[in-house]
Amino acid sequence: MLRVKIVCTIGPTSTDPEILAQMIDAGMNVARINMSHGDHGFHARNIHTIREIAQERNRPVAILVDLQGPKLRVGEMQPGGVPLAAGEELILTTDEIIGEPGRVPIQNKEVPASIEEGRRSSTLQTAGETQERILLDDGLLELEVIDATETTVRTRVIVGGVLQDRKGMNLPHTKLTVPSMTEKDRVDVDFALEHQADWIALSFVRTAGDVHALRKVVQSRAPLGRATPIISKIEKPEAVDNIEEIIQASDGLMVARGDLGIETSPEAVPMIQKMIIARCIGTDKPVITATQMLESMIRNPRPTRAEASDVANAVLDGSDAIMLSGETAAGNYPVQSVQTMLNIAKEAERVGSVTQPHYRPSQQAVDGFFGTLKSDPDGGPDAGDSDTPSVAEAVSQATVDTAQNVGAAAIIAPTARGATAKKLARFRPSVPIIAVTPSHLVYRQLALYWGVFPLMGQRMNTIDEMLEDAVRIALRAGFVQQGDVTVVTGGVVGGVPGETNLMTVRRIARVLMHGQGVGNRRMSGRVVRLKPGQDPRDQALQHRMMTTQDILVAEELNQVSMELVYHAGGLITAESAPDSIAALAAVELGIPAVLQASGNWDELVDGQTIVIDARTGNVYEWDL
């Protein structure tokens with residue numbers, strides 16, 4: 001089973017229900033809805049289709065709504081675009097004009113003032129720059145700022161080309177005064193909440209304040225007061241400088257390497273990626289590695305060798321998820337892209353140390369990338385680097401230790417809010433984490449976390465019911481088999497939400513018989529076997545004293561043998577009538593019984609200890 005998760009961007013080439021179904025079958029765990037393109041009607045149809053297919057397939061698929069953010073762009077150009085020649089001057093203006101040689105419009109009116117202020121800031125001095133740079137069209141065109149006013153920026157072309165309509169604009173060393181959320185973003189947040197998005201991604205995050213601003217909006221509008229978790233997209237140098245506080249403020253991170261590579265430098269991106277992943281693994285926050293992972297598969301059915309290495313390295317770095325963008329949104333091979341990414345990731349996990357237990361980078365390793373990071377002064381959610389872990393962290397790590405030591409087939413985590421599964425994921429266990437939850441929202445959200453396989457369960461009233469139900473659901477789903485050893489962990493029913501404080505080792509008992517249960521009790525006891533045709537008054541039975549610790553096993557019952565039922569603690573019989581003497585006696589006496597029992601009767605040996613569960617109608621092999 002693949003531990004890392006796959007995020008797929010949905011676009012024009014992946015809206016067909018058959019394509020979406022194939023993408024889910026191929027391994028899509030999270031569907032990214034990119035609000036930079038398409039209208040609300042388009043996105044609503046896709047969300048509905050994805051949810052419908054996922055439900056049909058009994059698969060958790062999360063919906064990630066990705067806000068556009070304050071993307072800087074130029075305006076409309078003359079037909080054919082505006083040619084830019086190296087060395088010539090170019091005026092950028094906030095005036096609403098059609099771009100022409102020497103003068104082009106920009107859409108964001110705050111840019112000129114921000115550039116003038118940025119030119120005088122210490123940021124440029126630190127970077128060794130004498131002039132602010134402006135990058136256009138994903139860095140293909142480069143300008144150098146000469147001067148700026150409130151409405152214009154005078155520049156000199158360094159790298160020329162043809163500038164087309166509405167191309168992106170990056171200012172690597174300018175601290176913009178542009179709000180982190182636009183009016184469009186606020187409308188899109190309402191759309192996300194209306195359609196119960198499982199995650200919301202915030203673009204161009206610069207500080208923790210940007211995240212707090214979005215969270216305030218989400219909390220004020222969230223139904224039932226349950227705020228949708230926020231993923232911060234790291235794509236600006238300022239965000240890298242403030243990475244620790246952003247991690248603390250966020251519910252997850254995305255390493256958006258496209259704009260990040262433009263605004264920093266291509267050679268800096270790999271180390272920034274590793275640093276961010278390492279920091280997130282030390283918390284309960286998932287991290288997505290994104291952008292151009294299989295870019296050539298937009299046009300070609302096979303990736304380049306470099307792209308395959310990129311995907312594998314992201315997996316080996318410890319990413320919770322790896323993302324496809326144009327490959328599935330606008331490419332010619334959306335399904336093949338998912339299959340290719342899955343195959344590469346599987347091979348990386350097979351040979352990689354990331355699948356070893358306790359994969360958690362040391363603080364020294366984290367600091368090695370960009371120097372010593374600040375500690376959390378408030379002991380917040382990232383205080384996991386402290387020498388004194390919380391009870392939940394200690395129990396989670398002990399669970400992973402125990403699973404490794406006893407050779408467990410899986411860790412089973414009943415969880416109401418997902419906290420138990422999230423804490424387990426940070427320790428990267430070598431066995432799957434089976435998260436059983438009664439919440440459809442948590443069921444989908446956990447689809448993003450490394451190594452977590454969510455299953456739907458029911459809310460239980462007692463600890464025993466919670467643990468038994470979780471194991472039963474994992475068994476039914478095929479994640480574990482009879483005879484497997486499992487480690488079950490969670491929070492005590494009725495306890496503090498999110499406080500994992502319980503761990504137990506359980507072997508999944510082999511089912512010997514199955515039938516119709518009568519009653520709601522579970523008990524263990526010794527078998528008293530009454531074979532067909534056997535006289536209950538035989539001397540062997542006469543010398544045995546039947547007690548309430550014994551379970552009477554009889555394929556057939558008659559009036560004489562019914563006398564033994566009134567002395568037994570449980571009953572197993574092949575009789576099927578719900579109004580039979582056996583059924584009525586079991587109800588009257590309040591003993592657990594299994595009627596219409598089927599299986600290998602010869603496996604029930606006189607004197608053998610077994611477990612009878614009237615709630616499920618199962619008879620289990622006793623396991624010390």
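- In this structure, CG in N170 is found 9.5 Å from CZ in R133, a value given to the nearest 0.5 Å.
- Tested against R154 for a salt bridge (charged side-chain N to carboxylate O under 4.0 Å, His left out), the candidates E144, E88, E89 yield a single pass: E89.
- Of the charged side-chain nitrogens involved, at least one lies within less than 4.0 Å of a carboxylate oxygen, so that R428 and D320 count as a salt-bridged pair.
- Within the 4.5 Å cutoff, the side chain of Q292 has no heavy atoms near those of the S325 side chain.
- Few gaps surround NZ on K71; more than 12 heavy atoms of other groups in view lie less than 6.0 Å from it.
- E349 has no carboxylate O lying under 4.0 Å from a charged side-chain N of K346, or vice versa, which leaves the two without a salt bridge.
- Here the rule is side-chain hydrogen bond (donor to acceptor under 3.5 Å, both in side chains) with R257, and of D310, T264, T289 only D310 fits it.
- In plain terms, the two heavy atoms of G87 and R156 that are nearest each other are O-CG, 3.7 Å.
- Using a 4.0 Å cut-off between charged nitrogen and carboxylate oxygen, R426 and E393 count as a salt-bridge pair.
- Residues Q164 and D137 form no side-chain contact, since every pair of their non-hydrogen atoms from C-beta on lies 4.5 Å or further apart.
- Between V240 and L260 there is a side-chain heavy-atom pair separated by less than 4.5 Å.
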Would you be so kind as to tabulate the donor-acceptor pairs closer than 3.5 Å made by side chains of residues 230-239, with sequence neighbours excluded?
{"from": "S232", "atom 1": "OG", "to": "S250", "atom 2": "OG", "distance (Å)": "2.6"}
{"from": "K233", "atom 1": "NZ", "to": "D66", "atom 2": "OD1", "distance (Å)": "3.1"}
{"from": "K233", "atom 1": "NZ", "to": "D66", "atom 2": "OD2", "distance (Å)": "3.1"}
{"from": "K233", "atom 1": "NZ", "to": "S203", "atom 2": "OG", "distance (Å)": "3.2"}
{"from": "E235", "atom 1": "OE2", "to": "F204", "atom 2": "N", "distance (Å)": "2.8"}
{"from": "K236", "atom 1": "NZ", "to": "E263", "atom 2": "OE1", "distance (Å)": "3.2"}
{"from": "K236", "atom 1": "NZ", "to": "E263", "atom 2": "OE2", "distance (Å)": "3.2"}

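- For D241 and R206, the salt-bridge test fails: no basic side-chain N is under 4.0 Å from an acidic carboxylate O.
- Between K285 and D251 there is no salt bridge, since no side-chain N of the basic residue sits under 4.0 Å from a carboxylate O of the acidic one.
- Among residues two or more places apart in sequence or in another chain, the side chain to side chain donor-acceptor pair (under 3.5 Å) test is passed with S309 by none.
- A side chain to side chain contact (heavy atoms under 4.5 Å, CB included) with T228 is found for exactly one of I200, I63, V189, V65, namely I200.
- The side-chain tip of K423 does not point at the ring of Y449 from less than 6.0 angstrom away and within 45° of straight on.
- For K184, the salt bridge (Lys or Arg N to Asp or Glu O under 4.0 Å) partners two or more places apart in sequence, or in a different chain, are D188.
- The shortest non-hydrogen separation linking T328 to S337 is CG2-CB, 4.5 Å.
- Atom CD1 of I344 sits about 11.0 Å away from atom CG of N313, to the nearest 0.5 Å.
- In the displayed structure, E267 atom CD is contacted under 6.0 Å by more than 12 heavy atoms of other residues, nucleotides or ligands.
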